[in-house]
A.B. asks: 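Structure below; questions to follow.
Side chains are part of it too, since the values below use all heavy atoms of this structure and drop only hydrogens, waters and symmetry mates. Source: prediction; values computed, not measured. Counting starts at 1 for both ligands and their atoms, in listed order.
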Amino acid sequence: MQPLRGTKDILPDENILWQYIRKIITPILSSSNYNEITTPIIENTELFQRSIGKGTDIINKEMYSFSDQGQRNITLRPEGTASIARAFISNKMYNFNSVNRLWYLGPMFRYERPQHGRQRQFHQLGIECIGSHNPIADVEVIRLATRILNKLEYKKYQLEINSIGKIEERAIYKNILVNYLQKYTNDLDKDSKVRIKTNPLRILDSKCHKTQEIIHYAPKLISCLKSESREYFDNVCELLNSLAIPYNINYNLVRGLDYYNDTAFEIKTQELGSQDTICGGGRYDSLIKQLGGPNTPSVGWAIGLERLIMLIKNEFTSTNNNPYVYLINQNLNTQKYMWTIMNILEEQNIKFELDLSITNFSKKLKKAYKSGAKKCIIIGENEVQTQTMTIKDLQSNDQNTIKLEMFIKTSHFN
Ligand code: ATP
Ligand code: MG
């Protein structure tokens, strides 16, 4: 039996790393007043069609959609922002705070060709700063992404940023770009030839070498931005400078989703091969209104956790998953006494493994050694009668019997 193509089990040893990431990010995000939100994994297909936009890869070919028993069109979420925007509107979150700072972590689903750094079920950590049109909000979210990477001790990343302006500015640019590209139609890659008609801006993002060369000499989107958009972008850059976050302006950076405007950014690495983006984000000022909510300018990003894990796992020295104590007992009577000992260990936060084998004492002891535990607690009839416990050190093989009350008072394992 194999898991579905493009999906993967996260086994207990790897989950230690996932728990570690949660432990690092939670205080960072909470300190800036970002609070965790959990939305359903399934949503109406229409939500994504209306937000991500027709002509995007996600909508055209990557959605896991089905109709349920009630003939509703349902989709496994391909990304987080649309769901958050929906939740913001459904729960009327605008009534409680003028700015809502939220974060989420969970699985996303896209029907893509599985390869290194690309799965069909993958996880994103994302944050959204909802309700502000101030450049410092853009820089607040970017700062948090870099802070998380720094805290995880990952340094080899590059921040790229661009402004994709407003819809009207992009519309003007689209014409200019299409005009330019039409001279080279024959030299473009297959996808880009189609995109000239469906979504020309995405051509800027093409990975094909020849197309990139053509794009290199193409007119730039920034030349179509009016003073308001330019000023916004300049302010974002100036705030980044003041924070000393290094960045490159990449005039060809566009995002694969339609709802973005003005600021667009990505955090990349050279250590992942062609799937080189760890984090993608930007500003989305019209999404919430477009979905039927109040006018609520917002900005956010998402980090692909599987990619992040590939980057940090070699440096991560895992604490092992073994129990500290192995608990051996003899029969039903000694088992009843075991609950008390388990309660004490729990109170002291000591990881234990209760022996479940139905076999003789020496075989049980062998299991204790095999478990990787440091200590073994042995409970026989004698221990029950005298209210004691026998502790065997599995490294030195020293053994001693102590009173239960002594064990409660003085933590014997510290
Ligand atoms: P890419 O160009 O790599 O496909 P994207 O623009 O589709 O990225 P976003 O929608 O911006 O990606 O998602 C944010 C992040 O989520 C990406 O930077 C990446 O780290 C991760 N991600 C996206 N798709 C996948 C996938 N299929 N498998 C694993 N991680 C993914
Ligand atoms: Mg993609």
A.B. asks: Please determine if Arg118 has a nitrogen or oxygen closer than 3.5 Å to a nitrogen or oxygen of ligand 1.
C.D. replies: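 Yes: some nitrogen or oxygen of Arg118 is under 3.5 Å from one in ligand 1.
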A.B. asks: Could you tell me if Asn100 and Tyr94 have a donor-acceptor pair between their side chains, going purely by distance under 3.5 Å?
C.D. replies: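 On atom types as modelled, these side chains do not qualify, holding no pair under 3.5 Å.
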A.B. asks: Within the supplied structure, the quantity of interest is the number of heavy atoms (other residues, nucleotides, ligands) at a distance under 6.0 Å from Ile42 CD1; does it exceed 12?
C.D. replies: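 No - once you tally the heavy atoms of other residues, nucleotides and ligands closer than 6.0 Å, there are 12 at most.
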A.B. asks: Please verify whether a non-hydrogen atom of Arg120 lies at under 4.0 Å from ligand 1.
C.D. replies: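 Contact absent.
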A.B. asks: Without hydrogens or angle criteria, can the side chains of Tyr324 and Asn349 be said to hold a donor-acceptor pair below 3.5 Å?
C.D. replies: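 No, because no side-chain N or O of Tyr324 sits under 3.5 Å from a partner of the opposite role on Asn349.
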A.B. asks: Return the closest protein heavy atom for atom 27 (N) of ligand 1 as residue, atom name and distance.
C.D. replies: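 The closest one turns out to be Glu112 OE2, 2.7 Å.
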A.B. asks: Do me a favour and list the nearest non-hydrogen protein atom to atom 22 (N) of ligand 1 with residue, atom name and distance?
C.D. replies: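 Checking every protein heavy atom, the shortest distance to atom 22 (N) of ligand 1 gives Phe122 CE1, 3.5 Å.
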A.B. asks: Looking at Glu160 and Lys268, does any basic side-chain N land under 4.0 Å from a carboxylate oxygen?
C.D. replies: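 Between Lys268 and Glu160 there is a salt bridge, with a charged N closer than 4.0 Å to a carboxylate O.
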A.B. asks: Do we see a donor-acceptor contact under 3.5 Å between the side chains of Asp285 and Tyr259?
C.D. replies: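 No, no side-chain donor-acceptor pair sits under 3.5 Å.
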A.B. asks: Of the protein's non-hydrogen atoms, which lies at the shortest distance from atom 21 (C) of ligand 1, and what is that distance?
C.D. replies: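 Here the closest protein heavy atom is Gly304 CA, 3.6 Å.
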A.B. asks: Can you list the atoms of ligand 1 that are under 4.0 Å from a heavy atom of Ala302?
C.D. replies: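 Listed by number with element, the hits are 14 (C), 15 (C).
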A.B. asks: What protein heavy atom is closest to atom 17 (C) of ligand 1, reported as residue, atom name and distance in Å?
C.D. replies: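 Here the nearest protein heavy atom works out to Thr277 O, 3.9 Å.
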A.B. asks: For residues Pro294 and Ile288, report the shortest heavy-atom separation together with the two atoms involved.
C.D. replies: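 So the minimum-distance heavy-atom pair works out to O-CG2, 3.5 Å.
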A.B. asks: Hey, is ligand 1 close enough to Gln124 that some N/O pair sits below 3.5 Å?
C.D. replies: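 By distance alone, the answer is yes.
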A.B. asks: Determine whether any heavy atom of Arg307 lies closer than 4.0 Å to an atom of ligand 1.
C.D. replies: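 For ligand 1, residue contact (heavy atoms, under 4.0 Å) with Arg307 is present.
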A.B. asks: Measure the spacing between CD of Glu168 and CG of Asn261 and express it to the nearest 0.5 Å.
C.D. replies: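 Glu168 atom CD to Asn261 atom CG measures 9.5 Å (nearest 0.5 Å).
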A.B. asks: Using a strict 4.0 Å cut-off to heavy atoms of Arg255, name the atoms of ligand 1 that fall inside it.
C.D. replies: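 Those atoms are 6 (O), 9 (P), 11 (O).
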A.B. asks: Heavy atom to atom 7 (O) of ligand 1, shortest distance: which of Lys207, Glu79, Arg110 holds it?
C.D. replies: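 The option holding the nearest heavy atom is Arg110.
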A.B. asks: Taking atom types as modelled, is there a side-chain donor on Tyr154 or Glu315 under 3.5 Å from an acceptor on the other?
C.D. replies: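 Side-chain D/A pair, Tyr154 to Glu315: absent.
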A.B. asks: Is there a polar contact, in the sense of an N or O pair closer than 3.5 Å, between Gln119 and ligand 1?
C.D. replies: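 By distance alone, the answer is yes.
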A.B. asks: I'd like to check which ligand 1 atoms, numbered from 1 as shown, lie under 4.0 Å from a non-hydrogen atom of Gly117.
C.D. replies: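 So the atoms of ligand 1 that pass are 28 (N), 29 (C), 30 (N).
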A.B. asks: So, regarding Ile278 and ligand 1 (criterion: nitrogen or oxygen to nitrogen or oxygen, under 3.5 Å), is there a contact or not?
C.D. replies: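 So ligand 1 has an N or O lying under 3.5 Å from an N or O of Ile278.
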A.B. asks: Pick one: which of Arg110, Arg195, Arg255 meets salt bridge (charged side-chain N to carboxylate O under 4.0 Å, His left out) with Asp57?
C.D. replies: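 Only one option passes, and that is Arg195.
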